[in-house]
Engineer: 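Once you've had a glance at the structure underneath, I'll fire off some questions.
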Amino acid sequence: MSVTLADWNGEVMPLEDVKVSVLDRGFLFGDGIYEALRVYGGKPFLLREHMDRLKRSLKEVSIDADVDAFEKRTLNLLAKSGIKEGLIYQQVTRGVYPRVHKYPPKGTKPNELVWVKEFTETPFAEFRESGAAVVTVPDLRWKRCDIKSINLLGNCMAAEAAAQAGCQEALLIAEDGSIVEGSHTSAFGVKDGRVWTMPLGPNILPGITRALVLKLANRANIEVIERSLLKSELGQIDELFLTGTTSEVLPVTKVDGHGVGTGKAGPVTLRLVAEYQKEIDELVRS
Ligand code: PLP
């Protein structure tokens with residue numbers, strides 16, 4: 001196994017050598033923001049979109065970090081790592097300060113971490129054709145899921161419930177019965193050739209993959225309806241799929257043990273899988 005390289009506040013070192021204070025607010029409160037990006041052919045995919053979302057999340061929680069400098073360090077680290085198929089993880093916390101709930105004084109230095117690791121065996125690749133199985137769980141998270149906070153306990157609980165059930169992902173269900181998103185994916189239904197997905201709002205993460213897939217659907221003349229899909233409507237839909245940086249476009253063929261549609265990855269989903277792959281191929285060729 002090769003060493004995973006990290007940039008910790010501007011210093012490049014093996015990830016295992018990074019040491020962080022127990023007074024870091026990320027450690028104590030989950031007071032921080034993160035991003036995860038795929039690297040294909042040595043190039044970061046959708047870099048601009050991820051950096052814009054990082055800036056927005058940091059602004060929403062008033063963490064004052066220099067994202068442009070952070071982006072440069074990220075690209076330098078990627079180049080230094082020589083990694084072609086990889087995953088970049090970025091995290092910015094509010095920094096180290098004696099434990100109080102309110103924010104520390106202005107000028108407290110955020111802690112900035114990036115690592116780049118090989119990502120050749122995607123955990124979802126084998127389900128791209130057969131389709132993944134998911135479970136439904138109540139959405140227990142807070143009311144600002146549009147902020148990409150490192151405070152992910154609700155998501156971890158949902159992902160663990162999926163793992164315990166032998167499934168690949170959990171669908172989070174709101175109190176009104178709507179399918180909100182996955183524990184680390186955006187969710188889409190297909191009915192009569194139209195794609196349905198939850199509109200953006202404080203209850204979901206504005207997924208970068210979601211946005212690209214909506215653009216690709218548009219380009220392919222696939223109609224998109226941004227409206228929530230109810231769990232009770234699952235029996236009537238033709239296809240279900242998830243999107244995310246690591247899962248890409250992932251067909252779902254089973255929910256809580258019941259087949260979706262024909263029980264196989266459907267034509268609209270497979271078209272979007274293909275269109276997404278074309279975008280990756282284009283990046284690699286560019
Ligand atoms: N929804 C949640 C809760 C997530 O954590 C993620 C990714 O981590 C996504 C959706 C997918 O977002 P993206 O496509 O930007 O990876």
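Along the sequence shown, residues are numbered consecutively beginning with 1. Note that ligands are numbered from 1 as they come in the structure, with each ligand's atoms numbered from 1 the same way.
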Engineer: Numbering the atoms of ligand 1 from 1, which are under 4.0 Å from a heavy atom of Ser183?
Structural biologist: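 It comes down to these atoms of ligand 1: 3 (C), 5 (O).
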
Engineer: For atom 10 (C) of ligand 1, what is the closest protein heavy atom, and at what distance to 0.1 Å?
Structural biologist: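 Nearest neighbour among protein heavy atoms for atom 10 (C) of ligand 1, to 0.1 Å: Thr185 C, 3.3 Å.
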
Engineer: Should the pair Glu226-Arg210 be classified as a salt bridge under the 4.0 Å nitrogen-to-oxygen rule?
Structural biologist: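 Here Glu226 pairs with Arg210 in a salt bridge, since their nearest N and O are under 4.0 Å apart.
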
Engineer: Just to confirm my output: which protein heavy-atom neighbour is closest to atom 1 (N) of ligand 1, and how far is it?
Structural biologist: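 Of every protein heavy atom, Glu181 OE1, 2.7 Å lies nearest to atom 1 (N) of ligand 1.
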
Engineer: For atom 8 (O) of ligand 1, what's the nearest protein heavy atom and its distance?
Structural biologist: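 Ranking protein heavy atoms by distance from atom 8 (O) of ligand 1, first comes Lys148 NZ, 3.1 Å.
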
Engineer: Looking at atom 14 (O) of ligand 1, what's its closest protein heavy atom, distance included?
Structural biologist: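 In this structure, atom 14 (O) of ligand 1 has Thr209 OG1, 2.5 Å as its nearest protein heavy atom.
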
Engineer: Mark up the atoms of ligand 1 that fall under 4.0 Å of a heavy atom belonging to Asn155, in ascending order.
Structural biologist: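 Under 4.0 Å from Asn155, ligand 1 has these atoms: 3 (C).
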
Engineer: Ion pair present between Lys264 and Glu239, side-chain N to carboxylate O less than 4.0 angstrom?
Structural biologist: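 Result for this pair is no, no salt bridge flagged.
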
Engineer: Just by distance, with hydrogens left out, do Ser183 and Glu169 show a side-chain donor and acceptor under 3.5 Å apart?
Structural biologist: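 Note: Ser183 and Glu169 side chains meet the donor-acceptor criterion.
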
Engineer: Are the aromatic ring centres of Phe45 and His50 under 6.0 angstrom apart?
Structural biologist: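 Not under 6.0 Å, so no.
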
Engineer: N/O of Ile208 under 3.5 Å from N/O of ligand 1, yes or no?
Structural biologist: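 Yes; the residue has a nitrogen or oxygen that sits under 3.5 Å from a nitrogen or oxygen of the ligand.
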
Engineer: Any chance you could lay out the side-chain hydrogen bond (donor to acceptor under 3.5 Å, both in side chains) test for Lys117 and Thr4, step after step, and finish with the verdict?
Structural biologist: CA-CA 6 Å; Lys117 69 167 189 175; Thr4 299; over 6 Å; no

Engineer: Using heavy-atom distances, let me know which of Glu248, Arg141, His184 sits nearest atom 9 (C) of ligand 1.
Structural biologist: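 Comparing heavy atoms across Glu248, Arg141, His184, the nearest one to atom 9 (C) of ligand 1 lies in His184.
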
Engineer: Going by the atom numbers of ligand 1, which of them fall below 4.0 Å from some non-hydrogen atom of Gly207?
Structural biologist: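 Contacts of ligand 1 toward Gly207, numbered from 1: 12 (O), 13 (P), 14 (O), 15 (O).
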
Engineer: Asp7 and side chain to side chain donor-acceptor pair (under 3.5 Å): which partner among Gln90, Lys80, Arg73?
Structural biologist: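 Between Asp7 and the candidates, side chain to side chain donor-acceptor pair (under 3.5 Å) is satisfied uniquely by Arg73.
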
Engineer: Considering only the protein, which heavy-atom contact is closest to atom 16 (O) of ligand 1, and what is its distance?
Structural biologist: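 Of the protein heavy atoms, Thr245 OG1, 2.6 Å lies nearest.
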
Engineer: Using a strict threshold of under 4.0 Å (side-chain N to carboxylate O), is an ion pair present between Arg141 and Asp139?
Structural biologist: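 Looking at Asp139 and Arg141, the cut-off is met.
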
Engineer: Using a 4.5 Å cut-off on heavy atoms from C-beta on, say whether the side chain of Val61 contacts that of Arg94.
Structural biologist: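 Yes; the side chains approach each other to less than 4.5 Å.
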
Engineer: Can you find a non-hydrogen atom of Glu49 under 4.0 Å from ligand 1?
Structural biologist: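 For ligand 1, residue contact (heavy atoms, under 4.0 Å) with Glu49 is absent.
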
Engineer: As an exercise, identify every atom of ligand 1 less than 4.0 angstrom from a heavy atom of Tyr34.
Structural biologist: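 Heavy-atom distances to Tyr34 below 4.0 Å select 5 (O), 8 (O).
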
